[in-house]
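Order of the sequence lines sets the chain letters (A, B, ...), proteins ahead of strands, with each chain counted from 1.
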Amino acid sequence: MPELPEVETVRRSLTPYVINQTIADVTVYLPRMVRTHDPSGFHAHLVGQTINDLTRRGKHLIWHFPNCLMISHLRMEGKFFVSEESLPKMPHEHVRIQFTSGRVLIYQDVRTFGTFDLYDKPAELSTLKPLKDLGLEPFDAGFSGAYLHDQFNTRKGPIKPVLLDQTIILGLGNIYADEVLFCAGIHPTRKANKISLKRLNNLADCAKNVLKKAIELGGTTIRTYENSLGIDGLFQNELYVHTLENEPCRVCQTPIRRIKLSGRSTYYCKNCQH
DNA sequence: AGCACTGTTTACAT
DNA sequence: TATGTAAACAGTGC
């Protein structure tokens, strides 16, 4: 369930349950999910460590320990789940962290794309491999229409796939890219490097506003997805185009269209977006 | 049954 | 370089 608002929702909901918890045991059922260590090395580094903080960069969760960092990514369908008592292994459970308090943190992932990385504490977070090539989040200082104008300079193709490029804008995925483009009135196939600074200023504002609203509503729940604690987000009620093929546009009643761009379904209103 | 589709990212080809 | 495609995988729906 991972675009920036969903990951932020996971971070916020998990935080009170994991901060100051000390790890008693770690079980990795699917070793390839841990990319930096084998299961015994992962276990050895984490047991006895206390979680000091849980932060986020883009769609990555960053778990802070006294002696190391764990960076996890939910990819398509990763979910964390907290239990106050030990449970039998759950379907699609791949990692379990047992705390000394008796509390348990379980990672479930039907498609098994999620990842865990463990690193020694660096001087700069941005030097770590999963984070080093990432662009600016819409909430970062420096994110602006001018920044986008500069970054889009070499991008001759449709803007939609460019919005998904995490080395430029950090945190947008397929849902919010469509919604941000609708908000900005920009057609998804418009060439990125041909969009005026004025329109990119508007796009930058839309990115901030759409993500802010989505975070406030606990993210988007569509299809079978739900957030970490089993509670649905509410932003699906605020969608204007994504998943709404053939539905009348909420603004002008024109049926919403769906096309494919770089292999991803892309929804837009041909009347509102140019 | 078989294919298309899925909130992501990566390697690889052109 | 930039961009498109396939792949990692499992499940759902038509």
Distance in angstrom units between A/I222 CD1 and C/dG11 C1', rounded = 15 Å

Between CD1 of A/I71 and P of B/dT9 the distance, given in whole Å, is 14 Å

Just by distance, do the side chain of A/D178 and the backbone of A/Y267 share a donor-acceptor pair under 3.5 Å?
-> yes

Just the dot-bracket of DNA chain B, please: which string comes out with Watson-Crick or G-U pairs under 3.5 Å, [ ] for crossing, | for another strand?
-> .|||||.|||||||

Counting only side-chain N and O atoms of A/H73, is one of them less than 4.0 Å from OP1 or OP2 of B/dT8?
-> no

Are any of A/R264's side-chain N or O atoms less than 4.0 Å away from OP1 or OP2 of B/dG7?
-> yes

So, A/C269 with A/C252, SGs under 2.5 angstrom?
-> no

P spacing across the pair B/dG7 / C/dG13, given as an integer number of angstrom = 16 Å

Calculate, to the nearest 0.5 Å, the distance between atoms NE2 and CZ belonging to A/H73 and A/R35 respectively.
-> 8.5 Å

Provide, to the nearest angstrom, the distance between the CG atom belonging to A/D165 and the P atom belonging to B/dT9.
-> 10 Å

Between A/Q108 (CD) and C/dC9 (C1'), how many Å, whole number?
-> 16 Å

Rounded interatomic separation in angstrom, taking CG from A/L30 and C1' from C/dA10 | 12 Å

Separation of A/L261 atom CG from B/dT6 atom P, in whole Å?
-> 12 Å

Is the distance from OP1 or OP2 of C/dT3 to the nearest side-chain N or O of A/K156 less than 4.0 Å?
-> no

To the nearest 0.5 Å, atom CG of A/N174 lies from atom CD of A/E3 at 7.0 Å

Atom pair distance, as rounded to whole Å: NZ in A/K129 and C1' in B/dA11 | 12 Å

Crowding at NZ, A/K89 (>12 non-hydrogen neighbours, <6.0 Å) | yes

Residue pair A/I159 / A/I186: nearest heavy atoms and the distance that separates them = CG2-CG2, 4.2 Å

Could you give the distance separating C/dT5 and B/dA4 at their P atoms, to the nearest angstrom?
-> 14 Å

